[in-house]
There are 4 protein chains.
Amino acid sequence: MINVGIAGASGYTGIELVKLISNHPEAKLCAVTSNSYSGKYLTDIFPSLKSFVKAGFENLICEDLDIKSLSKKIDVIFLALPHKVSMKHVPALLDHKIKVIDLSADFRFTDAGAYESAYQDHSSKHLLKESVYGLSEIYRNKIKTSNLVGNPGCYPTSILLPLLPLLKEELIRTDGIISDSKSGVSGAGRSLSLSAHFCEVNESFNAYKVGNHRHTPEINEILSLHSQRDVSITFVPHLLPLTRGMLSTIYARAANNVSENDIRKTYHAYYGNEPFVNILDKNLYPAISHVKGTNCCNFGFHFDKATKQIIIVSVIDNLLKGAAGQAVQNMNILFGLKDETGLNMVQAPL
Amino acid sequence: MINVGIAGASGYTGIELVKLISNHPEAKLCAVTSNSYSGKYLTDIFPSLKSFVKAGFENLICEDLDIKSLSKKIDVIFLALPHKVSMKHVPALLDHKIKVIDLSADFRFTDAGAYESAYQDHSSKHLLKESVYGLSEIYRNKIKTSNLVGNPGCYPTSILLPLLPLLKEELIRTDGIISDSKSGVSGAGRSLSLSAHFCEVNESFNAYKVGNHRHTPEINEILSLHSQRDVSITFVPHLLPLTRGMLSTIYARAANNVSENDIRKTYHAYYGNEPFVNILDKNLYPAISHVKGTNCCNFGFHFDKATKQIIIVSVIDNLLKGAAGQAVQNMNILFGLKDETGLNMVQAPL
Amino acid sequence: MINVGIAGASGYTGIELVKLISNHPEAKLCAVTSNSYSGKYLTDIFPSLKSFVKAGFENLICEDLDIKSLSKKIDVIFLALPHKVSMKHVPALLDHKIKVIDLSADFRFTDAGAYESAYQDHSSKHLLKESVYGLSEIYRNKIKTSNLVGNPGCYPTSILLPLLPLLKEELIRTDGIISDSKSGVSGAGRSLSLSAHFCEVNESFNAYKVGNHRHTPEINEILSLHSQRDVSITFVPHLLPLTRGMLSTIYARAANNVSENDIRKTYHAYYGNEPFVNILDKNLYPAISHVKGTNCCNFGFHFDKATKQIIIVSVIDNLLKGAAGQAVQNMNILFGLKDETGLNMVQAPL
Amino acid sequence: MINVGIAGASGYTGIELVKLISNHPEAKLCAVTSNSYSGKYLTDIFPSLKSFVKAGFENLICEDLDIKSLSKKIDVIFLALPHKVSMKHVPALLDHKIKVIDLSADFRFTDAGAYESAYQDHSSKHLLKESVYGLSEIYRNKIKTSNLVGNPGCYPTSILLPLLPLLKEELIRTDGIISDSKSGVSGAGRSLSLSAHFCEVNESFNAYKVGNHRHTPEINEILSLHSQRDVSITFVPHLLPLTRGMLSTIYARAANNVSENDIRKTYHAYYGNEPFVNILDKNLYPAISHVKGTNCCNFGFHFDKATKQIIIVSVIDNLLKGAAGQAVQNMNILFGLKDETGLNMVQAPL
C-alpha cells in the first residue's frame with residue numbers, strides 16, 4: 001500500500017487527486033495540506049465529499065505543509081500548488097525521502113532559462129536535471145526510476161501526445177505547426193476572478209493570451225528535445241463555457257513522400273498498447289464528452305493528400321489526463337504498478 | 001459472478017447500466033438488447049465507450065430481445081424499456097427463471113386501476129402482486145426474496161425517501177404536502193423532441209405537466225400504502241438546463257407537538273446506517289453537484305417552529321439513485337451482496 | 001428629453017440601465033458613477049459596449065457620486081447601489097431636485113422596523129413615508145406624483161404581480177401560501193464569490209437562504225398592506241445555472257366558492273390592458289425564455305377544483321422587469337410617458 | 001414603408017427575421033410562410049412571441065408559399081428555406097417583381113460547378129449571374145441595384161470580413177491560410193437531430209465535417225474572386241455548447257515587408273466608417289458575448305514579427321450578422337436606407 005500526501009488539496013486538481021487516491025486499490029490517503037483551509041476538515045471545504053461516508057477521508061484535516069511531520073506518514077506527495085511555491089518545498093521533500101509528483105510548472109523544464117523567461121526565477125535549478133517530464137507514455141522508463149516528476153500542463157499533454165511521434169519519426173515538417181486549443185473553465189482553478197464568473201463565461205467563448213501563453217515554451221522544449229529538431233509552434237488557447245475537458249485542433253504539414261498510412265502505422269506503433277491513448281479510425285473525431293471523467297487522450301486525424309495538410313483533433317479531460325489522472329498514472333509507474341491501476345473505471349457518456 | 005442482461009441498452013439509462021455493470025466486481029455483462037440498434041456494436045452507438053478498451057463490452061452486439069436465447073446466458077435482466085413494452089416480456093422472462101428489474105412504470109403499482117388511469121391497460125395484472133417496489137432502503141426485505149422488482153421513478157425516489165419516515169411515524173399532517181421538483185434533461189431520455197433541443201432548453205427553465213404528471217399516482221400510492229394513511233400530494237415537475245441531477249423542495253406541516261428534534265431522530269433511525277442516504281446537519285442544504293455521479297440521496301430540512309412548516313430539500317442523480325444506480329442496488333440485494341457493491345466510487349465535485 | 005444619471009453603472013443592473021437609456025427615445029444618458037471604476041470609460045469596463053459606436057456613451061467617464069455636480073446635468077437618477085449606500089445619498093439628491101429611482105432595498109419598506117430587522121439601521125427613516133413602492137402596475141398612480149421610488153426586488157416582482165389581485169379580492173386564503181422561486185446567476189451581481197464561480201454553478205442547482213431570505217419581509221409587507229390582510233408566505237429561493245431569468249411557482253388555496261373563472265376574470269380586470277403583464281391561457285405555462293430580454297411578467301395558473309389548490313407559474317427577466325426594466329418603466333410613469341416607451345422591442349426566443 | 005414577406009418563418013433564422021422586421025421603423029411584416037406550420041398563428045409556433053402584444057404579428061397566420069398571392073402584399077421576400085428549395089421559387093418571385101434576399105446557399109455562388117460539387121444540381125443557373133453576394137460591406141454597391149441577393153453563410157461572414165482586405169491588398173500570402181471556427185448550436189437550425197439534443201451537446205465540444213464542410217468552397221470562391229488570386233483555405237468548424245454566436249480564429253502569414261501597421265491601416269481604410277465592423281486595439285480580442293444580439297463583426301489581430309504569422313480572432317452573432325441581421329442590412333441597402341436602420345439597438349453584455 002502506498003502512503004500518499006496531497007499538498008494543495010483544496011483546489012480543483014487537489015480534490016480530483018483526493019478522489020482518485022480514495023478509489024485507488026493500492027494507495028491510501030494519509031495527509032492533505034491546504035494553505036487557505038488549514039485546520040478544517042476536507043469534507044467542510046467540499047460538501048459533496050460528505051456523500052462518501054466510508055471513503056477514508058472523513059477524518060482528514062487539512063494541515064500546514066510541515067515536511068518533517070509528513071515524512072513519517074507518506075511515501076509520495078502530489079504538489080497541487082501554484083508555480084514558485086512548489087520549488088520551495090521540493091528539495092526538503094526529496095531530502096526526507098518523499099517522492100514528489102509536482103503538478104506546477106516548476107519542474108517541467110530542462111532549460112532553466114526557458115522556465116525563467118516564461119515564469120520567474122528558479123530557486124532550485126540544480127534539480128531540473130533530476131526531474132523527469134511526466135508525460136507517461138513517452139517518458140515511462142525515465143519516470144520509473146525518478147524521485148521527482150514534473151507533471152505536464154494540460155494543454156501540452158493534449159498537443160504533445162499526437163505530435164511527438166510525427167516529429168520524432170520525421171513525418172511532418174517542423175515549421176508552421178499550429179495548435180488551436182480550447183479548455184473548460186476548471187483549468188483556471190477555483191480562485192475567484194471575473195473571467196471565471198458564471199455570467200461572464202456562460203454563453204460566451206474567447207481566445208486569451210494570444211501569442212504568449214506560458215505553455216508555449218513548455219510545448220516547444222519537449223517537442224524539440226524529444227525529436228532533436230528545432231520546433232516552435234503557434235499556440236492559441238480559448239476558454240470554453242463548460243466545466244471540464246479540453247480539445248486541441250492541430251495543424252501540421254506532412255514531410256515529402258509521407259502517406260496517411262505512414263502516420264497511422266506510426267501512431268499504432270507508439271500507442272497501440274497504451275491503455276489511455278485511443279487513435280480513432282479514419283473520418284472519426286473525438287468529442288470532449290468521450291473522455292470526460294477518464295484518463296484518456298483520444299485523437300483522430302485528417303490527411304489531405306493534395307496539400308499535405310494534416311489536421312489532428314485531440315481531446316482529454318483537463319483535470320485527469322491533463323493533471324490529476326496523469327499524476328496518478330505517474331505514481332503507478334514510480335511504484336511499479338500497472339499504469340491503469342485505479343484509473344480504468346468506465347464512465348457513461350453523460 | 002452474476003450474469004447480467006440489459007434490455008434497451010441504447011438509451012441513457014441503458015448505457016448507465018452498462019457502465020455500472022462493467023465496473024461491478026461481482027457482475028458480468030453478458031447480453032444487451034436494443035430495438036433501434038439491433039446488430040450494432042454497443043461501441044458504435046456510444047463512441048465514448050471506445051475509450052474503455054478492456055471493459056468487457058467491446059465485442060457486445062445489440063441483439064433482439066429473444067428470451068430463450070437470453071435464458072442461456074443471464075441470471076438477471078434490467079429492462080430499460082418504455083412503459084407497456086416491459087409488461088409484454090416480463091411473464092416469459094420469469095418463466096425462464098430470469099430475475100427482472102424493470103425500470104419502466106409497469107410494475108411499480110400494486111393497484112392496477114391506479115396504473116391504468118395514469119398509463120394504459122395492463123396486460124399482466126396478476127404479476128402486480130408479486131412485484132416489489134424497488135425503493136431499496138424501504139423495501140429491502142421484500143426485495144431480497146423477489147424475482148420481479150419495479151424500480152421507482154426518479155421523482156418518486158427523491159420525494160419518498162425523505163417523506164416516508166415522517167408520514168409513517170405520523171410526524172407530519174397528510175394534507176397540504178407539496179413537492180416542487182426540478183430535473184435535468186437526461187430524465188427525458190435520448191429520444192428526439194423539441195423540448196430536448198439544446199436551443200430550447202439552454203438558458204431557460206419551465207414547469208411542465210402541472211397538476212397531472214404520471215409520477216403523482218406512483219408517489220401517492222406508496223405514501224399511502226407505506227404509512228397506511230390516505231395521502232395525496234401536489235407535485236409540480238420542472239425542467240432544468242443541465243444534463244443530470246434532480247432536486248425536490250418538499251413542503252409539509254408538522255403534526256401537533258412534533259419538534260425539530262423528533263424529525264431528526266426519526267431520520268437517523270431510518271437512514272443512519274444507510275450507505276446511500278445522507279441527512280445534512282441543521283442549516284445545510286444539498287446541491288445537485290453533491291450527488292452527481294453517485295447513488296446517493298442527500299437531504300436537509302428546515303423547521304419553522306412558529307408555523308410548523310417543514311421544508312425539505314432533497315437531491316439525487318436522476319440516472320443513478322433515480323434509475324440505474326438504484327436498479328443495481330436492488331440487484332445487489334436480490335443476490336445477497338452488500339448494497340454498495342460496485343456503487344461506492346468517490347466522485348469529485350465537478 | 002429626460003436627462004438621466006446612473007449611479008453604480010458598473011454592475012449588471014447598472015449596465016442594463018445604460019443599455020435601456022441608450023435605446024430610449026425620450027431619455028439621454030448624461031452621467032454615470034462608479035465607486036470601483038471612477039475615472040474610467042464605461043466602454044473599458046464593458047468591452048462589449050465598444051460595438052455600439054454611436055450610442056452616446058462612447059465618451060462617458062465614470063465619475064464619483066458628487067450630487068452638486070450631478071444636479072446641473074440630470075433630472076432623474078437611478079441608484080444601482082448596495083443597500084445602505086443608497087440611503088446616504090437620497091436626502092441630498094432630493095434636496096437638489098433630482099428625482100430618485102432606487103434599486104436597492106432602502107426605500108421599499110413603509111415600516112422601518114421591518115426594514116431594520118431584515119437589513120440594518122435606516123438613516124433616513126423619515127423618507128419612508130414619501131417613497132413609493134415601484135411595482136408599476138399596482139402603484140402607478142402614486143408613482144406619477146412621487147420623487148422617490150423604491151424599485152421592487154426581483155423575487156417580489158415575480159410573486160406580487162400574480163398574488164396581489166387574488167389577495168386583494170379575497171379569492172385565496174391568507175395562510176399556507178408558498179413561493180418556490182428560482183433565479184439565474186446575474187441576480188447575485190457582478191461581485192466575485194465562490195457561489196458565482198462558473199464551475200460551482202454550472203450543472204448544479206440548489207436552494208439557499210431557506211426560511212430567511214431578505215425578500216420575504218418585503219413580500220409580506222406589500223401583500224399585507226395592499227390587501228389589508230395579515231399575510232405571511234413561505235418563500236424558498238433557488239439558484240439556476242443560467243444567466244438571466246426567474247421563475248416562481250406559487251402555491252395557494254382558493255377561498256370558499258371561488259371558481260377558476262373568478263380568478264381568470266380578476267386577472268384580466270387587473271392586467272388586461274397592461275403592456276407588460278401577460279396572462280396565459282388555460283393549460284399553458286411560461287418558460288424563462290419567453291420573457292428573456294423583455295420587461296414582461298408572464299404567468300399561467302392551474303386550479304384544482306377538488307382540493308382548491310391553485311398553482312401559479314410566473315416568469316420575469318430578473319434584470320429587466322426584476323430590476324432595470326421596471327425602473328425605466330417607473331421613470332416613464334414619473335415623467336408622464338407611456339409605460340412602454342423605450343421598452344417594447346421584440347425579442348427572438350433564443 | 002417596405003412591405004416584407006418571410007418564407008420559412010418557423011425556423012430560428014425565420015423568427016429572427018420576424019423580430020427584426022417587427023422592430024424596423026421602415027418595414028412592415030405582411031406575410032409569413034411555413035411548410036410545417038401552414039395555417040397556424042406565428043404566436044402558436046413560438047409562444048414567446050405572445051409577450052409582444054402590439055408588435056404587429058399577433059394576427060399573422062403562416063401561409064403556403066403562393067407567389068401570386070404574395071405579389072399583392074409584399075415588395076421583398078426573405079427566403080429562410082433549405083438549400084434547393086429556394087432556387088425553385090426564385091425565378092417566379094423575380095417575375096412577379098418581388099425582390100429576393102435568399103438565406104440559403106443557392107445564390108451565393110458565381111460558378112455553378114462549385115455550387116453543384118458542394119450541394120446538388122442547380123435548376124436556375126442563369127440567375128447566378130444576376131445574383132449578388134450579400135456581404136454588405138464588400139458588395140454594397142452591387143447590392144444597391146440588385147433584385148436577388150445571395151446572403152452569405154455564417155462561417156464565411158466571420159472569415160471573409162477580416163481576410164478579404166488583407167488578400168486584396170496583397171498583405172498576406174495566399175497559401176497556408178487556416179480558419180479554426182466555432183459555432184453555437186442555433187447554427188444547425190431548429191430541426192431535431194441527435195447532434196442538437198441537449199444532453200449530447202451540453203458540456204461537450206467537437207470538430208465536425210473536418211476537411212469537407214460546404215462553406216469551404218463558398219469561402220474560397222469569394223476570396224479568389226475578390227482578390228483575383230487563387231486562394232484555398234483550410235477550414236475546420238466546431239460545435240460550441242452555447243445557443244448563439246460564432247468565433248473564427250484565422251491563421252495567415254504576412255507577405256514580405258508587411259508590417260503590423262500596414263495591416264491596421266488597411267483595416268481602418270476598409271471598415272473605419274462601417275457601423276457593424278469593429279477593429280479592436282492591439283492586444284485586445286473579442287468574445288462572443290461582445291456581439292451577441294447585435295449585427296456586428298468584431299475582430300482583433302496579433303502579428304508576430306519574427307515568424308510573420310498573423311492570428312485574427314473574429315466574432316459574430318451567427319443568427320444576426322451571420323444570417324438575419326445581414327439580410328436586413330442588405331434590405332436596407334436595396335431600398336436606399338442607411339445600413340443600420342432598425343439594427344442599431346444597444347445590447348447589454350449578458
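Numbered from 1 within each chain, the chains take letters A, B, ... in sequence-line order.
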Options B:Thr307, B:Leu247, B:Asn283, B:Val315, ranked by heavy-atom pairs under 4.5 Å with chain C, top entry: B:Leu247
Which of B:Leu350, B:Val210, B:Val313 touches chain C most, by non-hydrogen pairs under 4.5 Å: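 Among B:Leu350, B:Val210, B:Val313, the one with the most close pairs to chain C is B:Val210.
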Quick check on [X] against chain B: is it the side chain, the backbone, both or neither that has a heavy atom closer than 4.5 Å?
X	answer
C:His238	side chain
C:Asp304	neither
C:Pro286	backbone

Minimal non-hydrogen separation, [X] against [Y], with atom names:
X	Y	answer
C:Phe205	B:Leu242	CB-CD2, 4.4 Å
C:Glu203	B:Thr243	OE1-N, 3.0 Å
B:Ser204	C:Ala287	OG-CB, 3.5 Å

Test log, rule side-chain contact (heavy atoms from CB on, under 4.5 Å), inputs B:Leu240 and C:Leu240: CA-CA 8 Å; B:Leu240 284 167; C:Leu240 284 168; 3.5 Å; yes
Beyond-backbone contact of C:Lys182 with B:Thr249, side-chain heavy atoms, under 4.5 angstrom: no
B:Val236 side chain near C:Tyr251 side chain, heavy-atom distance below 4.5 Å: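 Side-chain contact under 4.5 Å: yes.
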Test log, rule salt bridge (Lys or Arg N to Asp or Glu O under 4.0 Å), inputs B:Asp175 and C:Arg253: CA-CA 12 Å; B:Asp175 64 318; C:Arg253 272 166 303 159; 5.4 Å; no
Sidechain-backbone polar pair: B:Gln309 side chain, C:Thr234 backbone, donor-acceptor under 3.5 Å: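 The answer is no, because no donor-acceptor pair under 3.5 Å joins these two groups.
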Largest heavy-atom contact set with chain B, pairs under 4.5 Å, which of C:Ile178, C:Asp180, C:Ile288: C:Asp180
CA sep, side-chain torsions, deciding dist, call: B:Asn212, C:His302, side-chain contact (heavy atoms from CB on, under 4.5 Å): CA-CA 10 Å; B:Asn212 67 352; C:His302 174 83; over 6 Å; no
CG-OG distance between C:Asn206 and B:Ser289, expressed to the nearest 0.5 angstrom: 7.5 Å
